[in-house]
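Here the structure is laid out as structure tokens; the discussion comes afterwards.
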Amino acid sequence: MGRISWIAVLAAAGLGACHIGEPSPDAFSRTGQLIALSGGEAGAGNACFTCHGLEGEGLGGAPRLAGLSPGYLLKQLQDYADGRRADPTMHAIAAKLSMEDRRAVADWYGSLEPAGFSFAGDTVPEGRDLYHRPSPVGSCAQCHGPGGEGRGAAIPPLAGQPPEYLARQLRLWRDGKRQNDPDHVMLRAIAGLDDDQIEAVARHAASLVAGGAGSERAPSPQGNRPDSRNGASAPPPHEGGSSPAG
């Protein structure tokens, strides 16, 4: 059955809220894929795919989840649930998922191949300079990798993330509104950056090719053709009324 057909079946059956007899509802709600498609205990209106895409590619500025470390994803869901990472919408969703469900969703997204994301915007030399700029805790490149590939469960990849998402998170770190890192490493790393500098480094990080030599994506029109799945339309609003951040 095709992926769109699966969504139709889930919507018709109301798997986020109803019991349909044999087999038990757990058979439908306890796999990461179906939690992502149905919303699990958080309800169909909060299904992960509405903002993060059918392949975990991220939509409308929501982050890419495909291919991220399951350990990192699980920690973020736990931090959303207990309030250590503040976001009203994601808190409401994560808090309704059991630990087993959070782990299943994290494992599912971690198993997906990273979806292609072609950043078609401009970068500026300042962005690259800032990405490699030394700080008291090291440069962005030292921690997240020269190609933005990340470093295991603790340090996520930046390559292929929407630049607006990266910029939003950097502003939250800088302003002390996101603090779910050890020893305030991110605040110390970007202290003193203004909004223009944050925009520049975010666009540079988004343009990187993970696994490469740290070079930006090809500047040709073909190389920078936007993926039609990214930002083609705004995702359906969540019940909480705000856009999530992963």
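Computed from a prediction, not measured in an experiment: that's the story for all the values here.
- A salt bridge is defined here as a Lys NZ or Arg NE, NH1 or NH2 lying under 4.0 Å from an Asp or Glu carboxylate O, and Arg84 with Asp82 meets this definition.
- Residues passing the side-chain contact (heavy atoms from CB on, under 4.5 Å) test with Ser111 are Trp108, sequence neighbours excluded.
- By the side-chain hydrogen bond (donor to acceptor under 3.5 Å, both in side chains) test, Asp181 is found to be paired with no residue, residues two or more places apart in sequence or in another chain being considered.
- Judged as a side-chain hydrogen bond (donor to acceptor under 3.5 Å, both in side chains), and not counting sequence neighbours, the contacts of Asn180 are Gln76, Asp79, Arg178.
- Nearest heavy-atom pair, Arg151 versus Ala141, reported as atom, atom and distance to 0.1 Å: NH2-O, 3.9 Å.
- Taking Ile, Leu, Val, Met, Phe, Trp and Tyr as members and joining any whose side-chain heavy atoms lie under 4.5 Å apart, directly or through other members, the hydrophobic cluster of Val185 also contains Val137.
- Considering only residues two or more places apart in sequence or on other chains, Leu73 meets the side-chain contact (heavy atoms from CB on, under 4.5 Å) condition with Leu65, Leu68, Ala106, Tyr109.
- Under the rule for a side-chain hydrogen bond (donor to acceptor under 3.5 Å, both in side chains), the partners of Arg188 that lie at least two apart in sequence or sit in another chain are Asp183.
- Here the side chains of Arg203 and Pro163 are in contact, with some heavy-atom distance below 4.5 Å.
- Inter-residue side-chain proximity for Leu59 and Cys51 is flagged as unmet; no heavy-atom pair is nearer than 4.5 Å.
- The shortest side-chain heavy-atom distance between Pro63 and His52 falls under the 4.5 Å cut-off.
- Contact between Ala202 and Leu166 at its shortest, heavy atoms only, is O-CD1, 3.7 Å.
- The shortest non-hydrogen separation linking Gly110 to Pro70 is CA-CG, 4.1 Å.
- For Arg171, there are no side-chain hydrogen bond (donor to acceptor under 3.5 Å, both in side chains) partners, not counting sequence neighbours.
- Within the structure, salt bridge (Lys or Arg N to Asp or Glu O under 4.0 Å) contacts touching residues 102-112 (residues at least two apart or in different chains) do not occur.
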### Task
Just do the side-chain contact (heavy atoms from CB on, under 4.5 Å) check on Arg133 and Leu193 with the steps written out, would you?
CA-CA 11 Å; Arg133 181 193 73 161; Leu193 295 188; 3.5 Å; yes

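- Scanning all heavy atoms of the two residues, the minimum distance from Ser38 to Ala47 falls at C-CB, 3.9 Å.
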### Task
I would like to know whether Glu149 and Leu208 meet side-chain contact (heavy atoms from CB on, under 4.5 Å); could you show each step before the answer?
CA-CA 9 Å; Glu149 64 270 26; Leu208 295 172; over 6 Å; no

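- With sequence neighbours excluded, no residue satisfies side-chain contact (heavy atoms from CB on, under 4.5 Å) with Asp129.
- The salt bridge (Lys or Arg N to Asp or Glu O under 4.0 Å) check on Arg174 picks up Asp195, with sequence neighbours excluded.
- By the side-chain contact (heavy atoms from CB on, under 4.5 Å) test, Asp194 pairs with Asp196, Gln197, sequence neighbours left out.
- Looking only at side-chain heavy atoms (C-beta outward), Gln78 and Met99 come within less than 4.5 Å of each other.
- Distance check, rounded to the nearest 0.5 Å: CG of Leu172 to CZ of Arg85 gives 8.0 Å.
- Side chains of Glu57 and Arg64 form no contact here, defined as non-hydrogen atoms less than 4.5 Å apart.
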### Query
Given the rule in the side-chain contact (heavy atoms from CB on, under 4.5 Å) test, do Leu37 and Leu54 qualify, once you have shown the distances and angles that lead to the verdict?
CA-CA 8 Å; Leu37 293 178; Leu54 291 171; 4.0 Å; yes

### Message
Between His144 and Tyr131, is the side-chain contact (heavy atoms from CB on, under 4.5 Å) condition met? List the steps.
### Response
CA-CA 10 Å; His144 291 276; Tyr131 191 78; 3.8 Å; yes

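- Considering only heavy atoms from C-beta on, Leu187 stays 4.5 Å or farther from Trp173 through its side chain.
- Closest of all the heavy-atom pairs between Cys140 and Val201 is SG-CG2, 4.4 Å.
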